[in-house]
Structure formats: C-alpha cells, structure tokens
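The residues of the chain are indexed from 1 along the displayed sequence.
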Amino acid sequence: MTVRRAIVYAILLATAVSLWLFTHSARAQVRRVFADVERLAAKEPGEPVMECAGKSQALARHFKGGCTVIDPQHGLKASYSQDDIAGGLLVFRSGARKIAVEFRELEISIDGPEARVEGWIDYSGTEATSPRYKPRADKFIAHLEKTDGKWLFSRIEVP
C-alpha cells in the first residue's frame with residue numbers, strides 16, 4: 001500500500017510541476033512581449049527615420065492580423081491588419097519627438113494557447129508641433145493568442 005501511495009504522489013507531484021512549468025514559462029513569455037512593446041514604443045528625440053520605421057514594423061509583428069481594438073471613449077471598434085497597424089504606428093511615431101510607455105500591474109491568465117492580460121498602461125511624450133502629450137494612465141484588457149510559437153495580440157480593449 002505504501003508503494004502505491006508513493007507512486008500516486010510521485011505522479012501527482014510530476015503533474016503539478018509540469019503544469020507549473022508550463023504556466024510559468026507561458027507567463028514569462030507574455031511578460032517579455034509587453035517588455036518588448038515598451039522598448040519598441042519608446043522614442044527619443046533625434047531618432048533616425050529608418051529606426052522609426054523599423055520599430056513600427058517590429059511593433060506590428062506583435063499583433064495578429066485582424067486584431068480588434070475597442071475604445072468606446074474614442075468611438076473605436078475595428079479590426080486591423082499588421083500593415084494597418086504598422087502604418088498607423090509609423091504616422092504616430094513620426095509626429096512625436098519623444099514617447100514613453102510603461103505597462104504596470106499586469107495580471108496574466110493563461111488558458112492553453114490563449115492569454116488574457118489586465119493592467120495599466122502609462123504613456124507620455126512630446127509632439128513635434130506642440131508641447132506635450134498629457135501623461136495618461138489607462139486600464140486595458142489584452143487578449144493574446146499563441147501562433148507559431150509566438151504570443152500575438154488578438155484583441156485590445158480600453159474599458
């Protein structure tokens with residue numbers, strides 16, 4: 001009886017460790033996506049045009065084609081292709097001298113190949129033609145899907 005119990009406990013322990021490693025590594029991968037978005041979104045004065053374009057393309061690669069963005073405060077509910085996202089980011093980044101973005105208080109839940117992230121985004125910056133963006137903090141809910149081994153944004157909501 002004790003050998004059977006030991007085997008059952010070993011199986012349960014191995015299952016728990018495997019589950020923990022899977023969810024822990026998936027959470028770490030999702031956190032890395034947000035850290036990369038912070039890094040790529042940041043812009044310092046004097047950034048070369050080619051670097052601006054490259055960062056816009058790299059940012060767009062974090063989004064799934066047909067990513068839905070919902071922001072009722074600004075009347076926005078639409079789906080965008082990666083090309084649309086890259087173009088929009090390039091226009092936005094080109095009109096800014098400085099941009100700072102920080103994600104905080106991220107609550108990540110993983111369900112197989114899907115992740116749901118709730119948190120806050122802080123951003124500020126300086127436009128080329130006017131003094132400053134007002135620093136803002138907005139709550140967001142992001143849905144990501146694991147596609148070809150990469151976590152990609154599939155839906156973003158600003159409640």
Side-chain angles (χ1 to χ4, degrees), residues 20-159:
W20 181 83
L21 286 173
F22 171 75
T23 58
H24 179 72
S25 64
R27 278 190 180 86
Q29 290 172 356
V30 169
R31 283 191 188 282
R32 281 194 293 274
V33 168
F34 280 88
D36 199 39
V37 168
E38 279 181 355
R39 180 184 63 78
L40 291 168
K43 181 178 180 182
E44 292 298 323
E47 179 180 83
V49 174
M50 292 306 291
E51 185 176 341
C52 180
K55 284 184 173 183
S56 297
Q57 286 291 331
L59 272 167
R61 284 192 287 272
H62 284 293
F63 292 83
K64 191 173 181 176
C67 179
T68 302
V69 179
I70 302 170
D71 184 355
Q73 183 179 357
H74 295 101
L76 185 63
K77 183 176 182 180
S79 293
Y80 297 95
S81 69
Q82 281 187 334
D83 289 340
D84 292 337
I85 292 168
L89 288 168
L90 180 58
V91 168
F92 180 75
R93 288 179 57 78
S94 296
R97 288 181 5 95
K98 182 175 174 133
I99 301 172
V101 175
E102 180 185 5
F103 294 102
R104 60 184 173 83
E105 298 177 31
L106 298 180
E107 294 179 21
I108 302 168
S109 56
I110 308 284
D111 186 13
E114 297 179 358
R116 184 176 194 271
V117 182
E118 287 187 49
W120 289 86
I121 180 171
D122 295 335
Y123 55 95
S124 63
T126 307
E127 290 183 72
T129 58
S130 65
R132 276 187 97 62
Y133 301 131
K134 291 182 180 175
R136 291 187 54 151
D138 286 326
K139 185 169 180 57
F140 72 89
I141 302 168
H143 299 266
L144 292 87
E145 293 179 18
K146 194 163 193 177
T147 306
D148 297 329
K150 296 179 183 177
W151 287 99
L152 303 175
F153 291 97
S154 60
R155 180 182 176 107
I156 300 171
E157 302 171 49
V158 180

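- Taking A86 as the reference, Q57, A60 meet the side chain to side chain contact (heavy atoms under 4.5 Å, CB included) condition, with sequence neighbours excluded.
- Residues satisfying the salt bridge (Lys or Arg N to Asp or Glu O under 4.0 Å) test with K139, not counting sequence neighbours, are E118.
- Between G112 and W151, the shortest heavy-atom contact is O-CH2, 3.8 Å.
- Screening residues 43-72 for ring-ring contact (aromatic ring centres under 6.0 Å, His included) gives F63-F153 as the qualifying pairs, with residues at least two apart or on separate chains.
- Side-chain atoms of S154 come within 3.5 Å of backbone atoms of H143 as a donor-acceptor pair (strictly under, hydrogens ignored).
- Inter-residue side-chain proximity for L144 and F34 is flagged as met; some heavy-atom pair is nearer than 4.5 Å.
- Of the inter-residue distances, the one linking S56 atom OG with L89 atom CG reads 5.5 Å to the nearest 0.5 angstrom.
- Looking only at side-chain heavy atoms (C-beta outward), I156 and I141 stay at 4.5 Å or farther from each other.
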Contacts table for residues 39-55: side-chain donor-acceptor under 3.5 angstrom, sequence neighbours left out:
residue, atom, partner, partner atom, Å
R39, NE, D36, OD1, 3.2
R39, NH2, D36, OD1, 2.6
K43, NZ, R93, O, 2.6
K43, NZ, A96, O, 2.6
E47, OE1, R93, NH2, 2.7
E47, OE2, K55, NZ, 3.3
E47, OE2, R93, NH2, 2.9
K55, NZ, A42, O, 3.4

Check the pair I85 / C67 against side chain to side chain contact (heavy atoms under 4.5 Å, CB included), numbers first and verdict last.
CA-CA 9 Å; I85 292 168; C67 179; 4.3 Å; yes

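- In this view, S81 and D84 satisfy the side chain to side chain donor-acceptor pair (under 3.5 Å) rule, not counting sequence neighbours.
- Atom NZ of K77 and atom CD1 of I70 lie 5.0 Å apart (nearest 0.5 Å).
- Judged as a side chain to side chain contact (heavy atoms under 4.5 Å, CB included), and not counting sequence neighbours, the contacts of T147 are K64, E145, L152.
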Can you give me every donor-acceptor pair (side chain of residues 99-107, partner residue at least two apart or in another chain, under 3.5 Å) with its distance?
residue, atom, partner, partner atom, Å
R104, NE, D122, OD1, 3.3
R104, NE, D122, OD2, 2.7
R104, NH2, D122, OD1, 3.4

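- Shown here are the side chain to side chain contact (heavy atoms under 4.5 Å, CB included) partners of D138, two or more places apart in sequence or in another chain: I121, Y123, R136, V158.
- With sequence neighbours left out, the side chain to side chain contact (heavy atoms under 4.5 Å, CB included) criterion links S109 to R116.
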